[in-house]
Amino acid sequence: MSAATKKRYITNKVGSEFYELAEEDIIAQVRQSRGNNLHEVYDQNGDSYVVSMPTKFRKAVWLRRDQFVVVRPIAEGDKVKGEIEYILDQENVLYIRELGKWPSCFEEQALKMTRESKRGNTNDQMIDDDMLPPSESEEEDDESEEEEGTYDEDEDVDDEDEEEFDTYNPNRMQAPSK
């Protein structure tokens, strides 16, 4: 397999498959890159340590800060405590959350990824009355005032002002005066 084919295979696999968690897998959030394909992560148990990125992900998938990964612990590691098993995208995070396997310490970040929060359709938001369109009852009240013969003096003044002003356009030729 060529390098380009491997890269295409890995990026398609990460972007299209849902990951099933094994018992030893730990969900962690990337805090920062340490260089040499090492990343500092904060895991679901509250520990912070360094993990390595396997060669299959190198130069194929890029990690960003605060992105979620699945880490498999390494027993013989002193400084490096685990290896990245899978890089979770938004769909995988929501899938794991639906299964009920999502850690509670990362629940707030997972809620930000839901469709409802992106659309702004959270239930705890209230819309002010000023921001709503007028209801039918308000329109009926306006019509009933006009029928009763009440009028607003400002409306008459506006009509008179419009009649008094003639517009002048220098680009038009003036009609000859008689």
Side-chain angles (χ1 to χ4, degrees), residues 1-140:
M1 219 188 275
S2 70
T5 306
K6 286 180 187 178
K7 183 177 178 179
R8 192 175 324 117
Y9 173 75
I10 292 297
T11 54
N12 287 339
K13 184 177 179 181
V14 168
S16 64
E17 292 182 359
F18 288 126
Y19 185 77
E20 296 292 331
L21 290 173
E23 286 186 29
E24 65 271 4
D25 288 343
I26 298 173
I27 295 177
Q29 187 175 24
V30 176
R31 292 296 178 183
Q32 69 180 16
S33 174
R34 293 289 185 107
N36 276 349
N37 297 305
L38 297 175
H39 299 276
E40 183 179 337
V41 296
Y42 177 75
D43 72 357
Q44 63 192 20
N45 302 326
D47 299 330
S48 183
Y49 50 88
V50 177
V51 297
S52 67
M53 181 182 284
T55 55
K56 69 178 181 179
F57 290 131
R58 296 176 189 174
K59 297 183 182 178
V61 180
W62 299 99
L63 281 179
R64 294 184 313 269
R65 185 176 296 147
D66 295 332
Q67 191 170 5
F68 292 101
V69 293
V70 176
V71 175
R72 189 133 316 145
I74 299 174
E76 67 272 359
D78 290 332
K79 292 183 180 179
V80 178
K81 304 278 186 185
E83 187 174 45
I84 296 174
E85 183 68 25
Y86 199 81
I87 299 169
L88 298 174
D89 59 347
Q90 181 176 347
E91 287 84 21
N92 274 307
V93 169
L94 296 176
Y95 175 71
I96 293 171
R97 187 171 172 260
E98 285 176 10
L99 293 177
K101 296 181 180 180
W102 189 253
S104 59
C105 61
F106 298 133
E107 185 66 28
E108 185 177 329
Q109 289 93 342
L111 285 175
K112 291 178 184 176
M113 294 181 185
T114 60
R115 290 183 185 101
E116 289 81 19
S117 69
K118 287 187 176 183
R119 291 182 188 153
N121 294 341
T122 55
N123 293 335
D124 47 325
Q125 278 185 336
M126 292 296 292
I127 299 175
D128 287 340
D129 291 336
D130 297 341
M131 301 197 62
L132 295 173
S135 64
E136 293 177 10
S137 62
E138 291 176 5
E139 292 174 1
E140 292 172 0

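Atom set for the values below is all heavy atoms of this structure, side chains included, hydrogens, waters and symmetry mates excluded.
Under the side chain to side chain contact (heavy atoms under 4.5 Å, CB included) test applied with F68, the options L88, I96, V30 reduce to a single match, L88. A side-chain hydrogen bond (donor to acceptor under 3.5 Å, both in side chains) with S48 holds for exactly one of K81, R31, E40, Q29; it is E40.
Comment: E83 does not engage R72 in a salt bridge, judged by the lack of any side-chain N to carboxylate O separation of less than 4.0 angstrom.
When atom types are taken as modelled, the side chain of N45 and the backbone of D47 share no donor-acceptor pair closer than 3.5 angstrom. Checking side-chain atoms of Q67 against main-chain N and O of I87 turns up no donor-acceptor pair under 3.5 Å.
The shortest non-hydrogen separation linking V80 to S52 is CG1-N, 3.8 Å. Closest heavy-atom contact between A110 and R97: CB-CD, 3.7 Å. Counting all heavy atoms, side chain and backbone alike, F18 lies closest to E91 at CE2-O, 3.7 Å. Between G82 and V71, the closest heavy-atom pair is CA-CG1, 4.0 Å.
Taking 4.5 Å as the limit, some side-chain heavy atom of L63 sits within range of a side-chain heavy atom of M53. Contact annotation: the side chain of N37 never approaches that of F57 to less than 4.5 Å [non-hydrogen atoms, C-beta and beyond]. Annotation: side chain of V70 is in contact with side chain of E85 (closest heavy-atom distance under 4.5 Å). Contact of the L21 side chain with the I27 side chain is registered, since non-hydrogen atoms from C-beta on lie closer than 4.5 Å. At least one side-chain heavy atom of I26 sits under 4.5 Å from a side-chain heavy atom of P73.
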Please assess Y86 against E20 for the test side-chain hydrogen bond (donor to acceptor under 3.5 Å, both in side chains), listing each intermediate value before the final yes or no. CA-CA 10 Å; Y86 199 81; E20 296 292 331; over 6 Å; no

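Within 6.0 Å of the CZ atom in R58, the count of heavy atoms belonging to other residues, nucleotides or ligands exceeds 12. Around CD of E24, the count of heavy atoms belonging to other residues, nucleotides or ligands within 6.0 Å exceeds 12.
Interatomic distance, CG of L94 versus CG of L111, reported as 9.5 Å (0.5 Å rounding). To the nearest 0.5 Å, atoms CE (M113) and CG (N92) are separated by 10.5 Å. Taken to the nearest 0.5 Å, the CD atom of Q32 stands 11.0 Å off from the NE2 atom of H39.
Taking the six-membered ring where the residue is Trp, Y42 and F106 present perpendicular rings, their angle passing 60° and hence far from 30°.
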